[in-house]
Asker: 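Can you read through this structure? Questions will come right after.
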2 protein chains.
Amino acid sequence: MLREDVTDAIRGAVFEELAAVGFARMSIEGIARRAGVGKTAVYRRWKSKLHLVLDLVAAVAAQGMPAPATGSLYGDVRSVLELASYALRHPVASQVIPDLLVEAARNPEISDAIKAALLDQQQGVAAVVVRAAVERGELPEGSDPDRALDLIVGPLYWRLTVVRGDLPKGYLDDLAASAVRALKG
Amino acid sequence: MLREDVTDAIRGAVFEELAAVGFARMSIEGIARRAGVGKTAVYRRWKSKLHLVLDLVAAVAAQGMPAPATGSLYGDVRSVLELASYALRHPVASQVIPDLLVEAARNPEISDAIKAALLDQQQGVAAVVVRAAVERGELPEGSDPDRALDLIVGPLYWRLTVVRGDLPKGYLDDLAASAVRALKG
DNA sequence: TCACGACGGGACGGTTGCGTTGCGACGCAC
DNA sequence: GTGCGTCGCAACGCAACCGTCCCGTCGTGA
């Protein structure tokens, strides 16, 4: 029976290593070193660093992402932005997510995993939010949820992980209002 | 005197290598191999792969980025989106840019170079566009150009390099209109 | 008490890239 | 035609990591 504390230590080390050096530079030796574990313990559980990461991403995907239901489009959008900004400001996640997204452009397996763990989840949330807004009459029939997601999350992702600028007080409120204004049209 | 055709071959190989495997995995051996050149020829010109890439990025930065002046905010925004989508759909650039942006989060030198080559340029363009719109009375006094840039480029970057979705006909027109609507408020 | 299995650690041969060096070939200026 | 400098190429010793194997230790369940 594999020891669970060792498994957890390895998982944690993978996250840290992924954030510190990125997927491309990450090595199993480095993970084992960081986890204070023999390489054997890693290979006994996973075949390669790819499987390790796919496993982690799948675990994140399994958590699911809650869809807001505040009763207004603005409230829902603001809520989504709050959640997203929390994730993208986390020091580990803000390194790991963009890194894996870039890696996904070169590796279909990572691409599929990321898609299931993040993009599909987000698109699902967007679909729920848009449908609710349509039913309330806040958005016209046939509004495209994907386009809505672009307009809501795009600017935030750009600012936090591309420009790597700060998030001034009230920025999320502004952004939510802007997105709602953009969507209604 | 260093032969210029060799220098050009190396520069080209760096771009291709950067797109194919990314900065982290890129090796000087690989570059020389791809360029059909000895390692000596590379080391005679640059100290390391970092210097190689910094040099390339600086060359891009030197080109400059033209600011549109169509006479309307919508026209200017649409023009910026056209240029950006052209770059982000280029098969090499669409790999290299996100890769270097992620690398920039770990390496201050790359960060500075990218900032000068891309972000500062874009912020300059945004500043010009916003100022013109304010003078025309299309935007209120004191509109923030950075926020404008987030709203204009963010959704496009998100769609093209994160979701890696397609760009439906009319999407840029929609996006430009949405951005203008979001900005006025 | 005892056997089993996972543990950390270390060593293995093999691969890849590092940055440097020496070589003979080639091209160009003088 | 004679040098000089760059060229491609191959080799160098060094380092890191690969995936595997063997060891002695330790904890647990029968």
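Numbered from 1 within each chain, the chains take letters A, B, ... in sequence-line order. Everything numeric here is computed off the predicted structure, so don't read it as measured data.
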Asker: Kindly indicate whether the side chain of B/Ser48 and the base of C/dG19 share any N or O donor-acceptor pair separated by less than 3.5 Å?
Answerer: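 Such a pair does not exist between side chain and base.
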Asker: Report the distance from atom CD1 of A/Ile10 to atom C1' of C/dG8, rounded to the nearest whole Å.
Answerer: 12 Å
Asker: Please pick, from C/dG8, C/dA6, D/dG8, the nucleotide with the shortest atom-to-atom distance to any side-chain atom of B/Val37.
Answerer: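 Shortest atom-to-atom distance from the side chain points to D/dG8.
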Asker: D/dC17 C1' sits how many Å from A/Glu17 CD, rounded?
Answerer: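 From A/Glu17 CD to D/dC17 C1': 13 Å.
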Asker: Test B/Glu82 against B/Arg78 for salt bridge (Lys or Arg N to Asp or Glu O under 4.0 Å), laying out the working first.
Answerer: CA-CA 6 Å; B/Glu82 188 67 39; B/Arg78 183 65 179 73; 2.7 Å; yes
Asker: Starting at the 5' end of DNA chain D, which residue's closest nucleotide do you reach first, B/Met1 or A/Glu29?
Answerer: B/Met1
Asker: The side chain of A/Tyr43 lies closest to which of these nucleotides: C/dC7, C/dG17, D/dC18?
Answerer: D/dC18
Asker: Given atom CD1 of B/Ile31 and atom P of C/dC18, what is their separation to the nearest angstrom?
Answerer: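 About 8 Å, once rounded to whole Å.
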Asker: If we ignore hydrogens and angles and just use 3.5 Å, is the side chain of A/Asp99 paired with the main-chain N or O of A/Phe23 as donor and acceptor?
Answerer: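 Checked: pair present.
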Asker: Taking the minimum atom-to-atom distance to the side chain of B/Thr40, which one of C/dC7, D/dC9, D/dC7 wins?
Answerer: D/dC9
Asker: Are the side chain of A/Ser94 and the backbone of A/His90 linked by a donor-acceptor contact shorter than 3.5 Å?
Answerer: yes
Asker: To the nearest angstrom, how far is A/Asp5 atom CG from D/dG27 atom P?
Answerer: 12 Å
Asker: Do any side-chain nitrogens or oxygens of B/Arg44 fall under 4.0 Å of OP1 or OP2 in C/dG19?
Answerer: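 For B/Arg44, the contact criterion (side-chain N or O under 4.0 Å from OP1 or OP2 of C/dG19) is not met.
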Asker: Taking N and O atoms by type only, does the side chain of B/Lys39 place a donor or acceptor under 3.5 Å from a partner on the base of D/dG8?
Answerer: no
Asker: Measure the distance from CD on B/Glu4 to P on D/dC7 and round it to the nearest whole Å.
Answerer: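 Value for this atom pair: 12 Å.
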Asker: Hey, is the side chain of A/Arg33 poking within less than 4.0 Å of OP1 or OP2 on D/dC17, counting only N and O atoms?
Answerer: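 Looking at the OP1 and OP2 atoms of D/dC17, one of them is under 4.0 Å from a side-chain N or O of A/Arg33.
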Asker: Round to the nearest Å and state the distance from B/Lys49 atom NZ to C/dC18 atom P.
Answerer: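 Answer to the nearest Å: 7 Å.
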Asker: Applying the side chain to side chain contact (heavy atoms under 4.5 Å, CB included) test to B/Ile152, which of B/Leu175, B/Leu81, B/Asp76 qualifies?
Answerer: B/Leu81
Asker: Any side-chain to backbone donor/acceptor pair from A/Gln121 onto A/Ala61? Under 3.5 Å, distance only.
Answerer: yes
Asker: Rounded to whole angstrom units, what separation is found between the CZ atom of B/Arg34 and the P atom of C/dG17?
Answerer: 12 Å
Asker: Rounded to the Å, how far apart are B/Leu50 CG and C/dG17 C1'?
Answerer: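 My rounded result for the distance is 17 Å.
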Asker: Given that B/Ile28 and B/Arg3 both sit by DNA chain C, which one's nearest nucleotide is further toward the 5' end?
Answerer: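 The residue whose closest nucleotide sits nearer the 5' end is B/Ile28.
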Asker: Could you check which of C/dC7, C/dC18, D/dA10 has an atom nearest any side-chain atom of B/Ser27?
Answerer: C/dC18
Asker: Under 4.0 Å between any heavy atoms, over every strand shown, what does A/Gly36 touch: base, sugar-phosphate, or nothing? Just pick one.
Answerer: sugar-phosphate
